[in-house]
*Asks:* 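There's a structure below that I have some questions on.
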Amino acid sequence: MRLGAGRQPRRCLTTWCRLLGLYNCDDLKNAEPGTLRYRLPSLPARLVRHARARVLKISRTWPWKEAFLACWQRLCALPAPA
């Protein structure tokens, strides 16, 4: 993907995340990149180890928990680049 003049890579990454992972989340599908950067990466969670695996424990009361999990699952389901 070629970045336009003055565009930053993180802004493009946030846009692709929204297009591929949040297309049916009503409050986030049309959100600005700044809103997504505020809501998704600032999730209240702990990364723990259990049985030699890393587990992300997300707070049950976080309002965008379901949107984050749906986005994560959709992005992980994308095929690897050839």
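These numbers come from the heavy atoms of this one structure, side chains and all, not from hydrogens, waters or symmetry mates.
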*Asks:* Give me the atom names and distance for the closest heavy-atom approach of Leu22 to Cys71.
*Replies:*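 Leu22 and Cys71 have their closest heavy atoms at CD2-CB, 3.6 Å.
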*Asks:* Compare all side-chain heavy atoms of Val55 with those of Leu47 and state whether any distance is below 4.5 angstrom.
*Replies:*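 Answer no - side chains too far apart.
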*Asks:* Thr35: what forms a side-chain hydrogen bond (donor to acceptor under 3.5 Å, both in side chains) with it, not counting sequence neighbours?
*Replies:*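 Applying side-chain hydrogen bond (donor to acceptor under 3.5 Å, both in side chains) to Thr35 gives none.
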*Asks:* Would you please name every residue forming a side chain to side chain contact (heavy atoms under 4.5 Å, CB included) with Ala70, sequence neighbours left out?
*Replies:*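 Ala70: side chain to side chain contact (heavy atoms under 4.5 Å, CB included) contacts with Arg74.
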*Asks:* For Arg49 and Arg54, which heavy atoms make the closest approach, and how far apart are they?
*Replies:*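 Scanning both residues, the minimum pair turns out to be CG-CG, 4.3 Å.
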*Asks:* Is any side-chain heavy atom of Leu56 closer than 4.5 Å to one of Val48?
*Replies:*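 No, every pair of side-chain atoms sits at 4.5 Å or beyond.
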*Asks:* Describe, in one word, how the ring planes of Trp62 and Trp64 are oriented to each other, choosing from parallel (under 30°), tilted (30 to 60°) and perpendicular (over 60°).
*Replies:*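 Trp62 and Trp64: perpendicular rings.
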